[in-house]
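Structure first, then comments.
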Protein chains: 2
Amino acid sequence: MTNIAQSGDAALKPCTHDYQVNCGNCRLNSICLPLALESDDIQQLDDIIQRSKPLQKNQHLYREGDEFQSVFAVRSGTLKAYKTTDDGREQVTGFYFPGEILGMDGISNNAHASSAKALETAAICEIPFVSLEKLSALMPNLQRHFFQLMSHEITEDQQLITLLSKNSADERVAALMLSISGRNARRKLSATQFRLPMSRVDIGNYLGLTVETVSRVFSRMQKMEVLRVDNKEIEILDPDGLRSIANLGQ
Amino acid sequence: MTNIAQSGDAALKPCTHDYQVNCGNCRLNSICLPLALESDDIQQLDDIIQRSKPLQKNQHLYREGDEFQSVFAVRSGTLKAYKTTDDGREQVTGFYFPGEILGMDGISNNAHASSAKALETAAICEIPFVSLEKLSALMPNLQRHFFQLMSHEITEDQQLITLLSKNSADERVAALMLSISGRNARRKLSATQFRLPMSRVDIGNYLGLTVETVSRVFSRMQKMEVLRVDNKEIEILDPDGLRSIANLGQ
DNA sequence: CTGCTACCTTGATTCACATCAAGGTGATTG
DNA sequence: CAATCACCTTGATGTGAATCAAGGTAGCAG
């Protein structure tokens with residue numbers, strides 16, 4: 001609706017993205033949209049999507065307890081989702097890269113069950129849930145797609161559960177690197193070289209480890225020449241080695 | 001469809017349940033059904049539900065990789081869902097009590113992402129997913145309800161993630177006991193006395209602990225007079241004590 | 001009743017990761 | 001260009017739960 005994009009801060013954008021974005025021309029649509037939508041279906045979906053939320057680093061997209069109204073698609077940048085336990089500790093429940101959808105945990109209670117904040121400047125598509133529901137009832141493909149998205153979130157969480165409950169520190173870190181690598185590949189970026197958007201603290205928190213352990217694992221993998229680690233820059237030197245360390249589904 | 005119930009095994013049923021069950025008269029419908037459904041909506045839902053699957057202990061409802069066709073509601077008994085990692089280890093991802101829905105993790109890939117087996121004799125309602133989709137498109141309340149159910153599964157998984165990544169053995173076991181207690185209460189059963197349907201191995205597996213640790217925690221809690229434990233019979237002697245051990249969102 | 005099997009408990013020892021402690025690096029700022 | 005801060009690394013030590021080991025108990029089959 002409201003026309004964002006072209007304004008002010010052109011100088012600091014870490015990754016330029018399309019002016020006049022819409023779902024039809026968005027290069028992420030193969031990731032976030034149902035593949036089988038007809039082009040005028042896409043137009044209808046496009047009409048309900050709001051693109052008015054560019055976030056600066058550390059800004060919140062929503063907070064735990066906020067009224068649930070929309071789900072969100074990441075257009076650029078990265079976000080983390082986290083819950084705060086009553087004794088003040090934080091649990092990172094996920095990282096969200098471009099093309100991925102977040103906020104679905106809020107549907108259950110009409111309130112967001114976690115908070116989401118930008119790890120770097122991020123452009124977001126907001127999808128009002130009531131509109132989405134109405135549209136879903138009319139477009140079977142869209143309904144199916146959203147069921148699938150939610151189901152996918154469930155299976156991802158179950159992966160993480162397994163990781164946390166059965167795997168060593170090395171395995172966990174390796175699995176995360178492979179996950180990020182795979183998600184980069186899906187967006188046609190390098191699967192072997194990337195910059196981690198999150199801090200060691202966030203990684204540790206997500207994986208149920210302390211910062212020190214994460215750091216040590218990175219050092220160890222560097223020594224083994226599986227990774228090259230330069231602060232947040234990661235290069236996977238030996239993908240097979242990494243996979244064998246991760247010790248998961250291949 | 002096929003008419004189950006009245007047949008053979010009446011003698012061994014651990015919990016008698018209604019003959020000629022239907023959603024309208026099922027005493028679990030406040031748990032598993034959308035509260036806001038009109039009664040002829042319930043009739044339509046009832047028509048697509050199949051009740052042809054009474055499971056014996058250790059029988060599978062579905063296995064990882066099976067084609068996904070239905071989601072399932074537990075009518076009596078308990079099931080566990082689990083994934084097998086490629087190196088043969090098992091990860092229990094959830095326990096399902098009467099009134100609860102399972103199988104939604106299969107939607108994402110049209111194949112079940114986990115296996116489900118009965119921990120004791122169990123009666124199941126099968127809900128074919130294509131019918132459910134069609135009906136959802138016609139009944140906004142039903143569509144909403146299923147979105148909520150899936151979202152709820154996500155938030156539950158996130159709870160478990162937090163538990164596994166941040167909490168001690170005592171806290172994990174306490175949290176599980178409270179969860180089971182709460183789910184019993186919801187079904188109008190005792191919140192303080194119940195029989196665990198799962199083994200110590202399953203508990204440990206679910207909570208990321210070994211059998212020995214689970215056993216020690218039970219012993220410790222018994223010594224502290226928070227629980228009375230007699231094999232699978234549990235009595236919560238001090239609910240507040242248990243909550244304070246669990247150390248979660250109160 | 002006897003033996004078998006599955007499951008649970010308890011103790012002794014070990015180990016992976018947490019915790020504690022210190023120092024390093026790089027970016028930002030007055 | 002010091003100073004501050006946020007973040008990362010490395011080392012020394014401690015600890016909660018895993019592992020190893022041995023019995024105990026209940027249900028079931030013969």
Side-chain angles (χ1 to χ4, degrees), chain A residues 12 14 56-58 80 89-92 117-121 163-177 195-224 227-234 245 247, chain B residues 12 14 56-58 80 89-92 117-121 163-177 195-224 227-234 245 247:
Chain A
L12 54 74
Q56 296 305 307
K57 181 172 173 170
N58 288 324
K80 74 165 173 182
R89 289 173 302 180
E90 210 177 82
Q91 171 67 44
V92 175
K117 77 151 72 154
L119 294 173
E120 55 195 330
T121 310
L163 201 66
L164 291 172
S165 131
K166 296 276 179 300
N167 295 89
S168 68
D170 290 337
E171 291 167 335
R172 295 183 206 182
V173 174
L176 179 60
M177 293 304 106
R195 182 182 171 78
L196 296 175
M198 71 294 278
S199 70
R200 299 285 192 271
V201 177
D202 286 334
I203 292 176
N205 193 315
Y206 177 68
L207 296 176
L209 303 169
T210 58
V211 211
E212 294 96 324
T213 300
V214 173
S215 181
R216 278 185 251 267
V217 172
F218 276 135
S219 301
R220 222 175 292 153
M221 287 179 173
Q222 175 137 257
K223 206 163 291 165
M224 294 167 69
L227 292 184
R228 204 181 49 70
V229 183
D230 176 16
N231 208 339
K232 299 197 163 169
E233 294 297 334
I234 300 287
I245 292 172
N247 189 30
Chain B
L12 54 74
Q56 295 307 304
K57 181 172 173 171
N58 289 324
K80 75 166 173 181
R89 288 174 303 181
E90 211 177 80
Q91 171 66 44
V92 175
K117 76 152 73 155
L119 294 173
E120 55 196 329
T121 310
L163 200 66
L164 290 172
S165 129
K166 296 278 180 299
N167 294 87
S168 69
D170 290 333
E171 291 167 335
R172 297 182 205 183
V173 174
L176 179 61
M177 292 305 106
R195 182 182 171 78
L196 296 175
M198 72 293 279
S199 71
R200 300 284 193 272
V201 177
D202 286 335
I203 293 177
N205 194 315
Y206 177 67
L207 295 175
L209 302 169
T210 57
V211 211
E212 294 95 324
T213 300
V214 173
S215 181
R216 279 186 250 269
V217 171
F218 277 134
S219 302
R220 222 175 291 154
M221 286 179 175
Q222 176 137 257
K223 206 162 291 162
M224 294 168 69
L227 293 184
R228 202 181 51 71
V229 182
D230 176 16
N231 208 338
K232 298 197 166 171
E233 295 296 335
I234 299 288
I245 291 173
N247 189 30

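Everything numeric here is computed off the predicted structure, so don't read it as measured data. Quick note on labels: first sequence line is chain A, next is B, and so on, each numbered from 1.
Under a 3.5 Å cut-off, the side chain of A/D202 and the backbone N or O of A/K80 do not form any donor-acceptor pair. Judged by distance alone, with hydrogens and angles left aside, the side-chain atoms of B/E171 form no donor-acceptor pair with the main-chain N or O of B/N247 at under 3.5 Å.
Whole-Å rounding puts the A/R195 CZ to C/dG26 P distance at 13 Å. B/L209 has its CG atom 10 Å from the C1' atom of D/dA18, to the nearest Å.
Of the two residues near DNA chain C, B/R216 and B/K57, the one whose nearest nucleotide lies more 5' is B/K57. Closest-nucleotide positions on DNA chain C for B/V229 and A/D170 were compared, and the one nearer the 5' end corresponds to B/V229.
Using a 4.0 Å cut-off, no side-chain N or O of A/T210 falls inside it from OP1 or OP2 of C/dT19.
Nearest heavy-atom pair across B/N167 and B/R172 is O-NE, 2.8 Å.
A/G208 comes within 4.0 angstrom of sugar-phosphate atoms only, judged by non-hydrogen atoms across all strands, and of no base. Across all strands, B/S215 comes closer than 4.0 Å to base atoms (heavy-atom distances).
For B/K232, the NZ atom counts as densely surrounded, since its 6.0 Å shell holds more than 12 non-hydrogen atoms of other residues, nucleotides or ligands.
The B/S168 side chain lies nearest to D/dA17 when the options are D/dT9, C/dC8, D/dA17. Nearest to the side-chain atoms of B/T213 among the listed nucleotides C/dT9, D/dA17, D/dC8 stands D/dA17. The side chain of B/N231 approaches C/dC8 more closely than any other nucleotide in the set D/dT9, D/dT19, C/dC8. Counting only heavy atoms from C-beta on, B/E212 has its side chain closest to D/dT19 among D/dT10, D/dT19, D/dA18.
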